[in-house]
Amino acid sequence: MEENFFERVYAVARQIPEGKVTSYGAIAKALGTARSARMVGWAMNACHGREDIPAHRVVNRIGVLSGKHHFEGTNLMQQLLENEGIEVIDNQIVDFEKHFWQPEISQ
DNA sequence: AAGGTGACCGGCC
DNA sequence: TGGCCGGCCACCT
């Protein structure tokens with residue numbers, strides 16, 4: 001029962017298991033608004049300050065750390081992912097499909 | 001109140 | 001083969 005759309009996004013993001021990643025589109029689809037993938041990214045933008053939100057586990061559909069620019073430093077996002085056992089090369093997640101995690105569809 | 005924007009996605013040229 | 005454009009929805013000024 002989330003008050004805002006943001007909270008919904010956060011709720012899904014928080015469900016991302018450690019060592020797994022997902023895409024903005026996947027989250028959007030899980031929320032029932034597959035076309036609002038952009039909104040998901042927007043919500044993540046507002047997730048700053050919420051350590052409960054593993055935003056670093058959220059990447060675009062091709063497994064590229066498109067939002068790493070929003071993290072501190074230049075490769076913090078990559079460091080966090082590698083810390084969870086996810087190999088990242090040049091902002092690209094290796095075997096993205098293997099680490100991909102599909103959020104539960106909750107309409 | 002209206003317009004602009006965005007860490008995207010998918011299709012088209 | 002790669003780059004460009006539009007759509008889509010909700011938040012921000």
Side-chain angles (χ1 to χ4, degrees):
Chain A
M1 303 299 280
E2 296 73 29
E3 299 177 352
N4 305 334
F5 193 86
F6 279 31
E7 296 301 327
R8 279 193 185 179
V9 177
Y10 300 150
V12 175
R14 263 177 288 178
Q15 293 173 38
I16 303 176
E18 193 173 308
K20 293 288 182 177
V21 293
T22 189
S23 65
Y24 300 97
I27 296 175
K29 182 174 288 187
L31 297 176
T33 54
R35 305 176 193 82
S36 309
R38 307 169 100 194
M39 256 326 322
V40 177
W42 196 295
M44 303 315 288
N45 183 29
C47 83
H48 278 264
R50 300 171 189 246
E51 298 178 357
D52 299 67
I53 315 297
H56 60 277
R57 294 179 191 155
V58 183
V59 296
N60 61 5
R61 63 181 179 95
I62 61 178
V64 173
L65 283 55
S66 55
K68 74 145 195 176
H69 209 46
H70 290 259
F71 283 79
E72 299 177 10
T74 54
N75 60 338
L76 175 61
M77 189 173 182
Q78 179 174 334
Q79 291 294 311
L80 291 171
L81 290 172
E82 290 180 342
N83 187 36
E84 296 185 358
I86 299 175
E87 189 176 5
V88 179
I89 298 178
D90 191 32
N91 305 334
Q92 169 80 43
I93 295 179
V94 180
D95 295 329
F96 173 61
E97 299 179 11
K98 194 169 78 172
H99 295 293
F100 184 77
W101 174 80
Q102 176 71 39
E104 297 180 3
I105 310 297
S106 59
Q107 300 182 20

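These numbers were taken from a predicted model, which means no experiment stands behind them. Below, read A as the first sequence line, B as the second, and so on, with proteins coming before strands; counting in each chain starts at 1.
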[X], [Y]: one ILVMFWY side-chain cluster at the under-4.5 Å cut-off?
X         : Y        : answer
Leu76(A)  : Ile86(A) : yes
Tyr24(A)  : Val21(A) : no
Trp101(A) : Ile27(A) : yes
Val59(A)  : Ile53(A) : no

For a quick test of your reading: what N or O donor-acceptor pairs under 3.5 Å do the side chains of residues 13-20 of chain A make, sequence neighbours left out?
residue  : atom : partner  : partner atom : Å
Arg14(A) : NE   : Tyr10(A) : O            : 3.4
Gln15(A) : NE2  : Ala11(A) : O            : 3.1

Inset, instruction - Would you give the length of the straight line joining atom CE of Met39(A) to atom CZ of Phe6(A), rounded to the nearest 0.5 angstrom? - result: 4.5 Å

Legend entry - Any pair counted as ring-ring contact (aromatic ring centres under 6.0 Å, His included), so long as it reaches residues 76-96 of chain A, sequence neighbours left out: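 Passing the test, one end in residues 76-96 of chain A: Phe96(A)-Phe100(A).
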
Legend entry - Secondary structure of DNA chain C in dot-bracket form (Watson-Crick or G-U wobble, distances below 3.5 Å, | marking inter-strand pairs): .||||||.|||||

Inset, instruction - Give one of base, sugar-phosphate or nothing for Ala43(A), where a contact means two heavy atoms less than 4.0 Å apart. - result: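 Result for Ala43(A) = nothing.
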
Inset, instruction - Would you classify His48(A) as touching base, sugar-phosphate or nothing, given that sugar-phosphate means primed atoms plus P, OP1 and OP2, and contacts are heavy atoms under 4.0 Å? - result: base

All N/O pairs under 3.5 Å across the protein-nucleotides 11-13 of chain C interface:
none

Legend entry - Basic-acidic side-chain contact under 4.0 Å: Lys98(A), Glu87(A): no

Inset, instruction - Work out which heavy atom in Pro103(A) is nearest to a heavy atom in Ala26(A); give both atom names and the distance. - result: CG-O, 3.7 Å

Legend entry - Of residues 85-102 of chain A, the positions that come close to DNA chain B - non-hydrogen atoms, cut-off under 4.0 Å: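 None, since no heavy atom is under 4.0 Å.
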
Inset, instruction - For DNA chain B, find the residues of residues 71-80 of chain A with a heavy-atom distance under 4.0 Å and give them by number; none if there aren't any. - result: Phe71(A)

Inset, instruction - Please examine the side chains of Val58(A) and Met44(A), heavy atoms only from C-beta on, and report whether any two atoms are closer than 4.5 Å. - result: yes

Legend entry - Test side chain to side chain contact (heavy atoms under 4.5 Å, CB included) applied to Glu82(A) - qualifying residues, sequence neighbours left out: Gln78(A), Gln79(A), Val88(A)

Legend entry - Under 4.0 Å protein heavy-atom contact, by nucleotide of nucleotides 8-13 of chain B - B base, S sugar-phosphate only: BSS---

Inset, instruction - Linking directly or through intermediates, with side-chain heavy atoms under 4.5 Å: list the remaining ILVMFWY members grouped with Val94(A), chain and number order. - result: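 Same cluster as Val94(A): Ile89(A).
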
Side-chain atoms of residues 62-71 of chain A: list all donor-acceptor pairs with protein atoms under 3.5 Å, sequence neighbours left out, distances to 0.1 Å.
residue  : atom : partner  : partner atom : Å
Lys68(A) : NZ   : Thr74(A) : O            : 2.9
Lys68(A) : NZ   : Asn91(A) : OD1          : 3.3

Inset, instruction - Write down the distance between CD1 (Ile27(A)) and P (dC9(C)), rounded to a whole number of angstrom. - result: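 Those two atoms, CD1 and P, are 18 Å apart.
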
Inset, instruction - Rounded to the nearest angstrom, tell me the gap between atom OH in Tyr10(A) and atom C1' in dA7(B). - result: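 Going from OH in Tyr10(A) over to C1' in dA7(B) covers 12 Å.
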
Inset, instruction - Provide the full list of side-chain hydrogen bond (donor to acceptor under 3.5 Å, both in side chains) pairs with a residue in residues 54-63 of chain A, sequence neighbours left out, each pair given once. - result: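 Passing the test, one end in residues 54-63 of chain A: His56(A)-Glu84(A), Arg57(A)-Glu84(A).
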
Legend entry - Residue pairs involving residues 36-47 of chain A (criterion side-chain hydrogen bond (donor to acceptor under 3.5 Å, both in side chains); sequence neighbours excluded): none

